[in-house]
Amino acid sequence: QVQLAESGGGLVQAGGSLRLSCVASGRTITSYTKSWFRQAPGKEREFVGTILGGGGVTYYTDSVKGRFTISRNNAQNTVYLQMNNLKPEDTAVYYCAAGMGISRVRVVDAYEYWGQGTQVTVSS
């Protein structure tokens, strides 16, 4: 069983930066697909980006490309989401998710493990 815990959310002005962390416990998740999703009020949870196990290739949704970066520290069983040039539309609860053998990385139901989420609020 894997437990995920996000941290690092907060209130920031537009143009600012935040770094979210997701620490895994219970099992080493180096080989897992690890992704970030977000959910704004009244909207469905949406894919933000992913980092694949093994080689660590990353993919992002178009709206965050060039602004957000996913990285990992395998020794600390942690994945990060660096968010720069934040916009009000980035306001949401951000979740990390992990799973094995995921082919459809953008699909919420593909993931077995989820964190509790961390709130990110960007003021204009």
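Heavy-atom basis, side chains included; hydrogens, waters and symmetry copies ignored.
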Measure from the side-chain N and O atoms of Y111 to the backbone N and O of C96, and report whether any donor-acceptor pair falls under 3.5 Å.
->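 Absent.
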Side-chain donor-acceptor pair under 3.5 Å between N84 and S17, yes or no?
->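 N84 vs S17: donor-acceptor pair found between side chains.
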So, Y59 versus R106: side-chain donor-acceptor pair below 3.5 Å or not?
->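 Not at all, the side chains of Y59 and R106 share no donor-acceptor pair under 3.5 Å.
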Kindly indicate whether the side chain of I29, heavy atoms from C-beta on, has any atom under 4.5 Å from the side chain of K34.
->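 When only atoms from C-beta onward are counted, K34 and I29 do touch, with a gap below 4.5 Å.
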[X] [atom1] to [Y] [atom2] distance, which is reported to the nearest 0.5 Å:
X: F47; Y: T61; atom1: CZ; atom2: OG1; answer: 7.0 Å
X: W36; Y: Y80; atom1: CH2; atom2: OH; answer: 10.5 Å
X: T121; Y: D90; atom1: OG1; atom2: CG; answer: 11.0 Å
X: N77; Y: S25; atom1: CG; atom2: OG; answer: 8.0 Å
X: L86; Y: T91; atom1: CG; atom2: OG1; answer: 8.5 Å
X: R67; Y: Y60; atom1: CZ; atom2: OH; answer: 12.5 Å

Residue list, side chain to side chain contact (heavy atoms under 4.5 Å, CB included) with V108, at least two apart or on another chain |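 For V108, the residues satisfying side chain to side chain contact (heavy atoms under 4.5 Å, CB included) (neighbours in sequence not counted) are F37, R45, W114.
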By side chain to side chain contact (heavy atoms under 4.5 Å, CB included) - contacts of S123 (at least two apart) |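 By the side chain to side chain contact (heavy atoms under 4.5 Å, CB included) rule, S123 matches L11, Q13.
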Should the heavy atoms of other residues, nucleotides or ligands under 6.0 Å from CD of Q82 be counted, would the total exceed 12?
->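 Yes, the 6.0 Å shell around CD holds more than 12 heavy atoms from other groups.
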Which residues share a salt bridge (Lys or Arg N to Asp or Glu O under 4.0 Å) with E46, sequence neighbours left out |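 Result, salt bridge (Lys or Arg N to Asp or Glu O under 4.0 Å) vs E46: R38.
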Are V79 and L4 linked, directly or through other ILVMFWY residues, by side chains that come within less than 4.5 angstrom of each other?
->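 No; L4 is not reachable from V79 via cluster members.
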To check you understand the geometry: which heavy-atom pair defines the closest contact between [X] and [Y], and what is its length?
X: R104; Y: A110; result: O-CB, 3.7 Å
X: T78; Y: V23; result: OG1-CG2, 3.7 Å
X: I51; Y: G56; result: CG1-O, 3.5 Å
X: E6; Y: Y94; result: OE2-O, 4.0 Å
X: S124; Y: A14; result: CA-CB, 4.4 Å
X: V120; Y: G9; result: CG2-CA, 4.1 Å

Apply the side chain to side chain contact (heavy atoms under 4.5 Å, CB included) test between I102 and each candidate in T50, T33, L52; give the one that qualifies.
->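 Exactly one pass, corresponding to T33.
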Test salt bridge (Lys or Arg N to Asp or Glu O under 4.0 Å) applied to D62 and K65, step by step | CA-CA 5 Å; D62 286 346; K65 283 181 182 176; 3.0 Å; yes
